[in-house]
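Computed from a prediction, not measured in an experiment: that's the story for all the values here.
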Amino acid sequence: MTYALVDCNSFYASCERVFRPDLKDRPIVVLSNNDGCVVALSKEAKKVGIKMCEPWFKIKDSFTRQGGVAFSSNYELYADISARVMQTLEYSAPRIEIYSIDEAFLDLSGVSSCTELEQFGRECQEKVKCWTGMPVRVGIGPTKTLAKAASYGAKKYLATGGVVDLSKKERQRKLMSIMPIEEIWGVGSRLKQHLNKMGITTALELADTDTKLIRRRFSIVLERTVMELRGYPCIGLEEHPSTKKEIVVSRTFGKKVTTLESINEAVSDYAARAAEKLRRENQYCRVVSVFARTNPFRLQDQQYSNILSCKLNLPTNDTRDILQVTKMLSRKVYKSGYNFIKAGVMLSDFYDKGVYQSDFFIPDSRRPKSEKLMKTIDKINATSENRVTFAAQGVRKPWSMHRHFQSPKYTTNWDELLVVS
DNA sequence: TCTGGGGTCCTAGGACCC
DNA sequence: TCTGGGGTCCTAGGACCC
């Protein structure tokens with residue numbers, strides 16, 4: 001097998017630059033919802049000492065003083081640029097797996113016999129840059145884990161020009177010998193701690209550890225990682241996204257919330273969005289959960305957190321059914337006297353249409369014409385700015401998040417197109 | 001004053017069944 | 001005096017990913 005991992009450089013920050021060439025070489029950060037903390041940063045921002053996940057309020061002053069520019073997240077823009085990048089990659093390889101918003105695995109098994117792989121990587125880079133404006137790097141290897149490692153090398157060492165080919169055993173071992181284990185795909189901070197205690201600190205040391213020992217001390221997951229590092233593919237390409245097993249919609253509030261009415265409104269709003277996502281998956285859910293919690297950073301506040309679930313008689317994807325349940329649950333989750341900062345809705349236990357065992361003794365509670373109504377609502381909401389919503393979702397939404405530095409939706413909204421004068 | 005959101009997989013242990 | 005064996009399902013918790 002030969003895999004390539006194509007990875008966008010500082011994806012969100014680069015998206016902001018696509019339509020703002022004046023920001024070339026400026027430090028850029030992109031902030032999470034509510035402009036809370038840094039979720040993406042350009043290499044110039046890294047250079048002035050900004051770290052991932054830092055709270056914006058702590059770095060705001062010094063960052064702007066150093067010429068930095070901050071953006072609130074603009075998911076419409078990022079999703080659209082991502083789609084363009086993925087489409088470009090589909091022209092480059094016969095089979096691709098879209099792994100996340102900014103990464104894709106390519107199957108290069110056929111390519112390797114007719115083109116030099118490193119050359120392929122550079123051409124791919126150029127094509128994506130030319131067609132979409134997005135800078136990417138390319139890591140190539142016989143397994144997905146090694147392709148990921150190659151991509152790490154391409155990021156870390158500038159001399160590579162953003163393309164690393166690990167087809168050859170010697171190159172694999174050379175890179176792994178200077179690669180810390182926590183940079184390996186599948187090794188996080190906990191495993192790093194455990195492995196360090198066993199004296200394993202580099203990727204190469206892990207690759208050379210006995211797999212039986214790894215299986216016994218850890219799990220089959222890490223055993224697979226070891227095999228992949230040795231060049232034996234254990235993780236295949238997944239071309240078609242499998243149906244989801246759960247759907248979560250949750251948000252931190254723009255300001256603290258204390259009343260049941262506000263919690264209810266927010267939870268109803270999230271429920272409607274979750275139901276919409278569920279229908280997009282063509283699924284029906286049987287379990288609905290609601291959670292809410294206070295702000296753990298406010299040490300002066302009394303803390304509280306709770307989650308409650310309800311199993312329905314029949315699977316549904318009708319927003320009205322889900323709203324009914326979430327309202328009941330949020331009443332139970334809510335407690336007066338607390339400052340709530342976040343709430344959410346979770347849907348799980350999914351079924352395909354018509355696939356479930358109904359109960360002889362429970363009357364059929366399905367609503368007539370549900371499917372047609374939901375389809376119509378989804379259609380209107382997909383094409384119009386004036387969304388159809390349920391009264392429970394609220395109108396003014398004082399609890400909703402704020403985003404002060406959002407860029408225009410250059411590619412997805414007629415009113416926000418780039419104007420050249 | 002201000003600290004994100006959305007997912008997956010694996011394992012161990014308990015309940016329960018025959 | 002002596003108290004089995006094999007299996008499934010569910011849940012909570014832990015770990016990881018972007």
Pick base, sugar-phosphate or nothing for [X], based on heavy-atom distances below 4.0 Å to the nucleic acid.
{"X": "A/Ile220", "value": "sugar-phosphate"}
{"X": "A/Ile98", "value": "nothing"}
{"X": "A/Glu54", "value": "nothing"}
{"X": "A/Ser73", "value": "nothing"}
{"X": "A/Arg403", "value": "nothing"}
{"X": "A/Asn34", "value": "nothing"}
{"X": "A/Lys277", "value": "sugar-phosphate"}
{"X": "A/Trp185", "value": "sugar-phosphate"}
{"X": "A/Leu191", "value": "sugar-phosphate"}
{"X": "A/Arg215", "value": "sugar-phosphate"}

Roughly, in whole Å, what's the span from [atom1] in [X] to [atom2] in [N]?
{"X": "A/Lys60", "N": "B/dT3", "atom1": "NZ", "atom2": "P", "value": "12 Å"}
{"X": "A/Leu299", "N": "B/dT3", "atom1": "CG", "atom2": "P", "value": "12 Å"}
{"X": "A/Phe218", "N": "C/dG14", "atom1": "CZ", "atom2": "P", "value": "17 Å"}
{"X": "A/Phe340", "N": "B/dT3", "atom1": "CZ", "atom2": "C1'", "value": "19 Å"}
{"X": "A/His404", "N": "B/dC2", "atom1": "NE2", "atom2": "P", "value": "13 Å"}
{"X": "A/Tyr12", "N": "B/dG6", "atom1": "OH", "atom2": "P", "value": "11 Å"}
{"X": "A/Phe11", "N": "B/dG4", "atom1": "CZ", "atom2": "P", "value": "22 Å"}
{"X": "A/Arg216", "N": "B/dT11", "atom1": "CZ", "atom2": "P", "value": "15 Å"}

Start with the C-alpha gap between A/Glu97 and A/Lys144, add the side-chain angles, then the distance that decides, and say whether salt bridge (charged side-chain N to carboxylate O under 4.0 Å, His left out) holds. CA-CA 11 Å; A/Glu97 171 187 344; A/Lys144 284 167 116 180; 2.6 Å; yes
Just checking, is any N or O donor in the side chain of A/Asp352 or A/Gln283 under 3.5 Å from an acceptor N or O on the other one?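 Result is yes, a qualifying pair exists.
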Determine whether the side chains of A/Gln303 and A/Thr294 contain a donor N or O and an acceptor N or O closer than 3.5 Å.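 Yes, side-chain donor-acceptor contact under 3.5 Å.
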Could you check which of [options] has an atom nearest any side-chain atom of [X]?
{"X": "A/Lys245", "options": "B/dT3, B/dG7, B/dC9", "answer": "B/dC9"}
{"X": "A/Cys53", "options": "B/dT3, B/dG4, B/dT11", "answer": "B/dG4"}
{"X": "A/Val248", "options": "C/dA15, B/dG6, C/dC17", "answer": "B/dG6"}
{"X": "A/Ser100", "options": "C/dC18, B/dT3, B/dG4", "answer": "C/dC18"}
{"X": "A/Arg224", "options": "B/dG4, C/dC16, B/dC10", "answer": "B/dC10"}
{"X": "A/Lys58", "options": "B/dG6, B/dT3, B/dT8", "answer": "B/dT3"}

At under 4.0 Å, does any side-chain N or O of [X] touch on OP1 or OP2 of [N]?
{"X": "A/Thr252", "N": "B/dT3", "result": "no"}
{"X": "A/Lys144", "N": "C/dC17", "result": "no"}
{"X": "A/Lys148", "N": "C/dC18", "result": "yes"}
{"X": "A/Lys342", "N": "B/dG5", "result": "yes"}
{"X": "A/Ser250", "N": "B/dG6", "result": "yes"}

A/Arg298 or A/Lys244, whichever maps to the more 5' nucleotide of DNA chain B: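 Looking at DNA chain B, the more 5' nearest nucleotide goes with A/Arg298.
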Please compare A/Ile247 and A/Phe297 by the position of their nearest nucleotide in DNA chain B and report the one closer to 5'.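 Here A/Phe297 is the residue nearer the 5' end.
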Going from CD on A/Glu16 to OG on A/Ser72, what distance comes out if it is rounded to the nearest 0.5 angstrom?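 If I round to the nearest 0.5 Å, the distance is 9.0 Å.
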Check: A/Glu205 main-chain N/O paired with A/Thr202 side-chain donor or acceptor under 3.5 Å: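 Yes, because the side chain of A/Thr202 sits within donor-acceptor range (under 3.5 Å) of the backbone of A/Glu205.
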Among A/Arg230, A/Arg215, A/Arg216, exactly one meets salt bridge (charged side-chain N to carboxylate O under 4.0 Å, His left out) together with A/Glu223. Which residue is that?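 Going through the options one by one, the only one that passes is A/Arg215.
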With a 3.5 Å limit on both atom pairs, tell me what B/dC18 is paired to, counting Watson-Crick and G-U wobble, or say none.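 Across any shown strand, B/dC18 pairs with C/dG5.
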Might you work through the side chain to side chain donor-acceptor pair (under 3.5 Å) test for A/Asp318 and A/Thr316, ending with a clear yes or no? CA-CA 6 Å; A/Asp318 189 306; A/Thr316 182; 5.6 Å; no
Inter-nucleotide P distance (C/dC18, B/dT3), Å rounded: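 Here C/dC18 and B/dT3 have their P atoms 26 Å from each other.
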